[in-house]
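Excluded from the calculations below are hydrogen atoms, water molecules and symmetry mates; all remaining heavy atoms, backbone and side chain alike, are included. All values derive from a computational prediction rather than experimental measurement. Chain naming here is simple, since letters A, B, ... match the order of the sequence lines and numbering starts at 1 in each.
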Amino acid sequence: MKTHQYDVVVVGAGGAGLMAALYASQRAKTAVISKLYPTRSHTGAAQGGIGAALGNMEEDHPEWHTYDTVKGSDYLGDQDAIEFMCHQAPEIVYELEHMGLPFSRTPEGLIAQRPFGGHTNNETGKPVRRACYAADRTGHMILQTLYQQGIKHGLTFFDEFQVLDLIMVNGKAAGVVALEIATGEIHIFHAKAVIFATGGWGRLWEITSNAFTLTGDGAAIVLRRGLPLQDMEFYQFHPTGIYKLGILITEGVRGEGGVLINDKGERFMDRYAPTVKDLASRDVVSRAIYIEIREGRGINGQRYVYLDVRPETVNKYAALDGRTRPDGSPYVVTAEELLAKLPDIIDFCRTYLGIDPVTEPIPVQPTAHYAMGGIPTNIKGEVLADENGTVVPGLYAAGETACVSVHGANRLGTNSLLDIVVFGKQAGIHAAEYAAGADFEPLPGDAADFARAQLDALLQSKGQERIADIAAAMKRVMMDHVGVFRTEEGMREALQTIRELKERFKHIRLDDRGKTFNTELLSAWELGNLLDLAEVTTVSALARQESRGAHSREDFPKRDDQNWLKHTLAWKPADGEVTLRYKPVVITKYQPKERVY
Amino acid sequence: MQVTLKIFRYNPETDKKPHYETYRVEAEPTDRVLDLLEKVKGQQDGTLTFRRSCAHGVCGSDAMRINGMNRLACKVLIQDLGTDHITVEPLLGLPTVKDLVVDMEPFFEHYRSVKPFFINNDPPPQKERLQSPEERERFDDTTKCILCAACTTSCPSFWLDDQYVGPAAIVNAHRFIFDSRDQGAEERLKILADQFGVFRCHTIFNCTLACPREIQITKAIGEVRKAIATGRLD
């Protein structure tokens, strides 16, 4: 066992972790530990853009962005945090550009912007071009740029180290326990401050846009250490995943004029969102697709619809909508322009579907995409222990694993990339500041015992269950009953199944009991995390008897501000029942009203 | 359909030397090679070890040799291979850690050696630095690199001498050398003019064929060579 000492340890090296580390390292001795090489992180899969009211294409204001985000959140987002993020947005996008990020450009040489779902001109209600983009590889460029800066500034990386546990001493964070994947050796990272930036848990569901590695490790660890998770019932299904595969097709496709079409050839979003149509918020569009499929209007009666971005279709509907270019001329696209703006999407379709989206429509279905909930934090990235906002000293979280909450019940597209850089930066600054005024807590002698016991239990388990079978059963039941539409009956069944799977999980069999690069052991440990998060998600969702944002109850179809305009906090003691408590939403300027697009 | 997978196996804890193991799996023609590796690991042999993450060709984790070609396992469909016999082996030129996992550290060391980061020492403007769409297009191709190492480990010059920085490092230098906002071209060109730099390239084109992002790597290397020879960046 090796022990290291750093002022600040950042866990995770996607956009939030790297941004946190770049800032923390300016004044504190900082290490980044990541189970992947940093450039493998899922930030790199984000496509369409990062939201900021630069106004490069047309009039726009951070306050419009703020309102759109509040409305998009179905009024569950905390308005102080949302206002902070949206007003920081232009400055942080310029900061990324100054780091060398290669944004696409306007003819004037400015950062190019495109429309995205739910982002509007607040006066006309029409879509506004707010998503700053680099073709359809914006996340890739952010991830690469931040990693490049990490190299430039000599950040210390521990690549392919799997975090296993959080060390808490006297109620304060004192470090983490991690496994060096190549050797199987346990390392203790003794720290004054710990920042979790471990990403989401889309692998809970069968159809997902998320990488294999998105297993909610940070959230599950925090939960196991007796801290709550917030708003876990709010999980976003992106409307357009490639049929069966779940691979993301960016909303930017609809931003460039693509439309959703059912089996009758109808552009059905007309009926669900008369003003912004295909560019309604993601929860609205995902539900519309589910309803079309359920009512028999999926293509050939199957469980998908078409996303049609053929130039003739785009131009037809752009003319019907009266869409214009910034100079006022009619909006007309060519196949070449689409190729230039959406090269990766076109490549995905050619590779995985064998179709060319400029001549054929793309079969799509909603795909599990993004956790609005997570580890509760304030604007500084400080982790909160309860409904009174009590701060856990030395513990920070940022990015998808955190819940600030800027996304509330439904995240707007482009706000996740914004969230990771804005709040990654805040967590980094404040963790370093905290470390400057804090001492190292003495490490307990048994700091690694809990982590080691978890691995030993998996390695020594003598059952016959295969982890792949348990994972498949979990993903299926979550997809069927804790997905886009939910009912009490379905979720009770899901909860029952998850508890049975947790029992079966105690009787797994691993083939690989070695030390070197034991990915089977890690997959088993990750599955344990997912099972815990599945249970917390389902219990939180069962309790919330209303429909809001991504949480859509068929037995409670209306939003209920009287009883449910509040955040859920869920605790899960080891082998105990999940307990729920609630805290109020921060409302500053915008009183809840009916949400119409 | 039934597919036969012949997979390179090596576990340093138990094996004196590598060997191959054969697995039969039921597959759809549209399955990715990665799907089959997952099936083997999940249902037949949990000890099989490989890296993977995004599963759609953007993270670069699962570069390996598939029927002799460097590919991403998540970007090759069974139907594209034209055979139901698939041989899977680790990348060449990097030490094998276990099965299909190679030690990536030498690769990243070369990457870091070319200053793969933005250099501009002028104080930044209030807003964005301006760049025309044409200037942005100049280096677009090399911004696509995902550092999967498929190119570098397909290069005979790299196999011959692993001190050669390799195609991926040059691609990442190119991305900055031809960025109109960057001021570090001179120092990078100096590094790449070194004996282990661009002149090790013998335009064999393996790298270009291997690149899962379809970057015109040999062309990029040629442009860097030309910049060194002429001292001009056009």
Look up atom [atom1] in [X] and atom [atom2] in [Y], then write down how far apart they are to the nearest 0.5 Å.
X: Asp80(B); Y: Thr351(A); atom1: CG; atom2: OG1; result: 8.0 Å
X: Lys152(A); Y: Phe118(B); atom1: NZ; atom2: CZ; result: 7.5 Å
X: Phe517(A); Y: Thr96(B); atom1: CZ; atom2: OG1; result: 12.0 Å
X: Leu214(A); Y: Cys54(B); atom1: CG; atom2: SG; result: 10.5 Å
X: Glu13(B); Y: Arg513(A); atom1: CD; atom2: CZ; result: 13.5 Å
X: Asn120(B); Y: Met99(A); atom1: CG; atom2: CE; result: 14.0 Å

Side chain [X], main chain [Y], donor-acceptor under 3.5 Å:
X: Arg40(A); Y: Ser53(B); result: no
X: His140(A); Y: Cys59(B); result: no
X: Lys127(B); Y: Tyr94(A); result: no
X: Gln149(A); Y: Phe117(B); result: no
X: Glu97(A); Y: Arg129(B); result: yes

Query raised in the report: Among residues 461-472 of chain A, which ones touch chain B with a heavy-atom distance under 4.5 Å?
Result: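 Hits under 4.5 Å: Arg466(A), Ala468(A), Asp469(A).
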
Requested in this report: Over 60° means perpendicular and under 30° means parallel, so classify the ring planes of Tyr147(A) and Phe108(B), tilted if in between.
Outcome: perpendicular

Query raised in the report: Can you say whether the rings of His56(B) and Phe348(A) are parallel (under 30°), tilted (30 to 60°) or perpendicular (over 60°)?
Result: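 Perpendicular.
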
Region of [X] that comes under 4.5 Å of a non-hydrogen atom in chain B:
X: Phe103(A); result: backbone
X: Leu510(A); result: neither
X: Leu101(A); result: backbone
X: Glu108(A); result: backbone
X: Pro102(A); result: both

If you count heavy-atom pairs under 4.5 Å with chain A, which of [options] comes out on top?
options: Glu105(B), Lys115(B), Arg175(B); result: Arg175(B)
options: Pro12(B), Pro116(B), Cys148(B), Ser132(B); result: Pro116(B)
options: Lys39(B), Arg32(B), Gln126(B); result: Arg32(B)
options: Arg112(B), Gln79(B), Gln131(B), Met104(B); result: Gln131(B)
options: Lys75(B), Glu38(B), Glu135(B); result: Lys75(B)
options: Phe139(B), Phe50(B), Phe176(B); result: Phe176(B)

Are [X] and [Y] within salt-bridge range, i.e. N to O under 4.0 Å?
X: Asp344(A); Y: Arg213(B); answer: yes
X: Asp347(A); Y: Lys144(B); answer: no
X: Arg105(A); Y: Glu128(B); answer: no
X: Lys98(B); Y: Asp512(A); answer: yes

Compare every heavy atom of [Y] with every heavy atom of [X], then report the nearest pair and how far apart it is.
X: Ala55(B); Y: Phe212(A); value: CB-CE1, 3.7 Å
X: Arg136(B); Y: Ser104(A); value: NE-N, 4.2 Å
X: Leu110(A); Y: Leu130(B); value: CD2-CD2, 3.7 Å
X: Asp511(A); Y: Gly46(B); value: OD2-N, 2.6 Å
X: Ile146(B); Y: Thr39(A); value: O-OG1, 4.5 Å

**Report entry** Pair Gln144(A), Asn172(B): side-chain N/O donor-acceptor within cut-off below 3.5 Å
**Finding:** no

Query raised in the report: Can a donor-acceptor pair be found between the side chains of Ser523(A) and Lys41(B) at a distance below 3.5 Å?
Result: no

Requested in this report: Heavy-atom pairs under 4.5 Å with chain B are the metric here; pick the option from Pro107(A), Gly44(A), Gly100(A), Pro343(A) that has the most.
Outcome: Gly100(A)

Query raised in the report: In terms of heavy-atom pairs under 4.5 Å, which option from Asp159(A), Ile247(A), Leu36(A), Thr145(A) contacts chain B the most?
Result: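 Top count of heavy-atom pairs under 4.5 Å with chain B: Ile247(A).
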
Report task. Decide yes or no for Thr30(B) and Tyr352(A): does some side-chain heavy atom of the first lie under 4.5 Å from some side-chain heavy atom of the second? Result ->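 Not touching, per the 4.5 Å side-chain cut-off.
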
Query - Crowding at CD, Gln43(B) (>12 non-hydrogen neighbours, <6.0 Å) - result: yes

Report summary line: Applying a strict 4.5 Å limit to non-hydrogen atoms, the region of Asp182(B) in contact with chain A is neither

Query - Region of Val101(B) that comes under 4.5 Å of a non-hydrogen atom in chain A - result: side chain

Query - Residues that Lys244(A) engages under salt bridge (Lys or Arg N to Asp or Glu O under 4.0 Å), provided they are two or more places apart - result: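 If we apply the salt bridge (Lys or Arg N to Asp or Glu O under 4.0 Å) test to Lys244(A), skipping adjacent residues, there are no hits.
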
Query raised in the report: Please walk me through it: do Tyr37(A) and Leu147(B) pass side chain to side chain contact (heavy atoms under 4.5 Å, CB included)?
Result: CA-CA 10 Å; Tyr37(A) 277 98; Leu147(B) 300 170; over 6 Å; no

Query raised in the report: Going through the distances and angles, do Ile181(A) and Arg51(B) end up as a side chain to side chain contact (heavy atoms under 4.5 Å, CB included)?
Result: CA-CA 11 Å; Ile181(A) 298 173; Arg51(B) 292 189 177 100; over 6 Å; no

